[in-house]
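Naming: A, B, ... by sequence-line order, numbering from 1 per chain. Excluded from the calculations below are hydrogen atoms, water molecules and symmetry mates; all remaining heavy atoms, backbone and side chain alike, are included. Quantities reported herein were computed from a predicted structural model and do not represent experimental measurements.
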Amino acid sequence: MRRSQMLLPTLREDPKDAEIASHILMMRAGIIRKLDAGLYTFLPLGHRVLLKVIQIIREEMNRAGAQELLPPILIPASLWRESGRYDIMGKEMMRLQDRHENDMVLGPTHEEVFTHIVRENVQSYRDLPLNLYQINTKFRDEIRPRYGVMRCREFIMKDAYSFDIDEAGLEKNYQAMREAYRRIFTRCGLEVIPVEADTGNMGGSNSEEFMVPSSVGEETIIHCRSCGYVANVERAQAKREFSPSSEEMLPLEEIATPNIRTIEELVAFLKVSAEKFIKSLVYRTENEIVMVLIRGDFMVNETKLKHAIGCIELEPATEEEVEKVTGAPIGFVSPVRLRQKVRIIADESIPPLRNAISGANKKDYHLKNINPGRDFSWDVVADIHEVQEGEKCPYCSQELKSYKGIEVGHIFKLGYKYTEAMNVRVLDKNGQSITPIMGCYGIGVGRTIASVIEQNHDANGIIWPMSIAPFHGIIVPVNMSDPATVEAAEKLYQKLSTHFEILLDDRDERPGVKFKDADLIGIPIRITIGKSFTEEKKVELKLRRSEEKHLVALDEVEKVFEDWYEKEMAPYRL
RNA sequence: CGGGCCGUAGCGCAGUUUGGCUAGCGCGCUUGGUUCGGGUCCAAGAAGUCGGGGGUUCAAAUCCCCCCGGCCCGACCA
């Protein structure tokens, strides 16, 4: 490709609305342009990278026995009504009507569609197992798109759905995907860590996310250096020991706490440590109002809480709802002497407490000497606390650490949720009708590319891994007004292009401009035809990722280039 | 949806507080020259509904009202 003919608008300055390295560089290097909030065009350079990543994914999925197909992204609402998700999905699912006023949906995920395809076309256990995938555009009307293609509304995702006759089959497919993912990310030059994950409202049991450790990541990961336990904080556990107190139960006592609401304020005001408090929170679910109790020094993990309650929607109750249930404003509530009967969900840290402090359900008053069991009871006890750095590993009791990560892939066992809801039946070898079991496996393609840039850049720009670089090499003729230079560049370009993807920077620009651009767009191998060529007929080869420069005679360039290419490619071959 | 910041040339910005020459600067773009190993130098030039609408005023980018859009933080998120 000739640079002079390519739509490759590089920017000298950082765009105003980009914050993280990958977003800034994708804009500056002419990889993407924004069309509207969360909607991006991949320009030619970016499209080349996109195709390479897709190709790697495709090869590895096929290798693992999955089959590619291509369903539409516009989906009739009826399928979503069948699974029961039409009403559950919320506003991130883009809903629209066609000209016949039929309700339609832009697919945010494709469980229903794939389940439907299997339902229509598979009748026998002989047809299973199946693992079907697509690499397709998805749409989620994100509440707040950000960081360029890291979190956008329209994006490309690879998603696969497996169908098996039993759990053993599912386990096999799951493991095959796990291995395929490891290979895919390695080949893309991305370091990822599989972590235990929550299954969300997808339903299902086992689940792992593939995380790229990064300070700009939106997920929090809990990690034990000692035994290797790694989990998304949404599901992470810690070893918790609560020894029952031998303290004698004292009588309840009201204490005045004017305008003192938070645990922090109470600790300061009463000079009592946070472990003595019961944090009482009121939440609303799709069915009911509940009160949630946790010890003052812990935070509630809303994902765990959802599981404990068994609900789908969960949000803090409004001020009015809180008053109605407790009789007091937020900050002065407790499970003792509630005005209305509601279900009470208690963290494991609650029952062992003695003579604890919480609200009096009366403005500007708290109660002390609250004793669980004596002064109130609860409906559910569960671990609903959010693990913090410094807590103990559930397996080896060593100290847990936390860090941020970008979720680039997710695999999980769905179970029978969709096949049952949508009535998928096949006959087993005994002629009995059975319901297949599903798994689901996704990779965010754009997010993968952005993550690669997060991990591979310097002050001058992107440093592409050879495996997904938009070009293998770039030829930079330093002086376009020197006919000998131009001729050599042209010849080299023709020759190398027979085996490699080469960008020829044939613009009549100053050398500085060309070098800056070459660094910015991150082509792995640069060939400079400059003063060493005019002086001694040698051209210079340089790797983007190192400072070393090698002078090579013109007729040896092809061979050296091939060596370098192989060396650069080696880490990404499996 | 709540809080904060911001909309002036393709991009990045100044000017708005205190209304007043013809609306500016850098980059980019066009033309000519110059230079040729890290975003040359010189000259000439094109390019603006100052986010939109309404109002105040002799006069509005600047003051007032309404609306729209963007970004950041939060709520949300297979």
Legend entry - Test log, rule side-chain hydrogen bond (donor to acceptor under 3.5 Å, both in side chains), inputs Glu540(A) and Ser532(A): CA-CA 8 Å; Glu540(A) 172 199 289; Ser532(A) 47; 5.6 Å; no

Whole angstroms only, please: what is the [atom1]-[atom2] distance between [X] and [N]?
X         : N      : atom1 : atom2 : answer
Met157(A) : C77(B) : CE    : P     : 16 Å
Arg146(A) : C77(B) : CZ    : P     : 13 Å
Leu35(A)  : G70(B) : CG    : P     : 12 Å
Tyr147(A) : C72(B) : OH    : P     : 8 Å
Glu218(A) : C77(B) : CD    : C1'   : 9 Å
Phe515(A) : U40(B) : CZ    : P     : 13 Å
Lys516(A) : U40(B) : NZ    : C1'   : 14 Å
Met27(A)  : G12(B) : CE    : C1'   : 13 Å

Proximal nucleotide (of [options]) relative to the [X] side chain:
X         : options                : value
Arg144(A) : C77(B), U40(B), C73(B) : C73(B)
Lys16(A)  : G12(B), C73(B), G38(B) : G12(B)
Arg526(A) : C76(B), C77(B), G37(B) : G37(B)
Lys531(A) : U40(B), G70(B), G37(B) : G37(B)

Sticking with atom [atom1], work out how far [N] lies from [M], rounded to a whole angstrom.
N      : M      : atom1 : result
G39(B) : U8(B)  : C1'   : 26 Å
A9(B)  : G2(B)  : C1'   : 35 Å
U56(B) : C66(B) : C1'   : 15 Å
U40(B) : C1(B)  : P     : 47 Å
A14(B) : C6(B)  : C1'   : 15 Å
U49(B) : A75(B) : C1'   : 37 Å
G52(B) : U31(B) : C1'   : 37 Å

For a quick check under 3.5 Å, do [X] and [Y] share a side-chain donor-acceptor pair by atom type?
X         : Y         : value
Glu302(A) : Tyr283(A) : yes
Tyr133(A) : Asn131(A) : no
Arg119(A) : Tyr418(A) : no
Ser162(A) : Tyr441(A) : yes

Would you mind pulling out the nucleotide paired to [N], Watson-Crick or G-U wobble, both distances under 3.5 Å?
N      : value
G32(B) : C42(B)
C5(B)  : G70(B)
G24(B) : C13(B)

Have a look at [X] and say if it touches a base, only the backbone sugar-phosphate, or nothing, with a 4.0 Å heavy-atom cut-off.
X         : answer
Lys549(A) : base
Lys538(A) : nothing
Arg153(A) : nothing
Glu407(A) : nothing
Asp517(A) : base
Asp519(A) : base
Glu540(A) : base
Arg28(A)  : base
Pro9(A)   : nothing

Legend entry - Asp458(A)/Arg544(A) ion pair, N-O < 4.0 Å: yes

Legend entry - Glu142(A) with Arg153(A): basic N within carboxylate O range, under 4.0 Å: no

Legend entry - Position toward the 5' end of RNA chain B (nearest nucleotide), Ser532(A) or Pro316(A): Ser532(A)

Inset, instruction - Check whether NZ of the Lys or CZ of the Arg Lys531(A) lies under 6.0 Å from the centre of the six-membered ring of Phe533(A) and within 45 degrees of that ring's axis. - result: no

Inset, instruction - Indicate whether OP1 or OP2 belonging to C76(B) is found under 4.0 Å from a side-chain N or O atom of Lys306(A). - result: no

Inset, instruction - Encode nucleotides 24-36 of chain B as B, S and - characters from 5' to 3', where the letter depends on protein heavy atoms closer than 4.0 Å: B to the base, S only to sugar-phosphate, - to neither. - result: --BSS------BB

Legend entry - Pairwise distance CG(Leu130(A)) to CD(Gln67(A)) - rounded to 0.5 angstrom: 6.0 Å

Inset, instruction - For the pair Phe412(A) and His410(A), name the ring-plane relationship: parallel under 30°, tilted 30 to 60°, perpendicular over 60°. - result: tilted

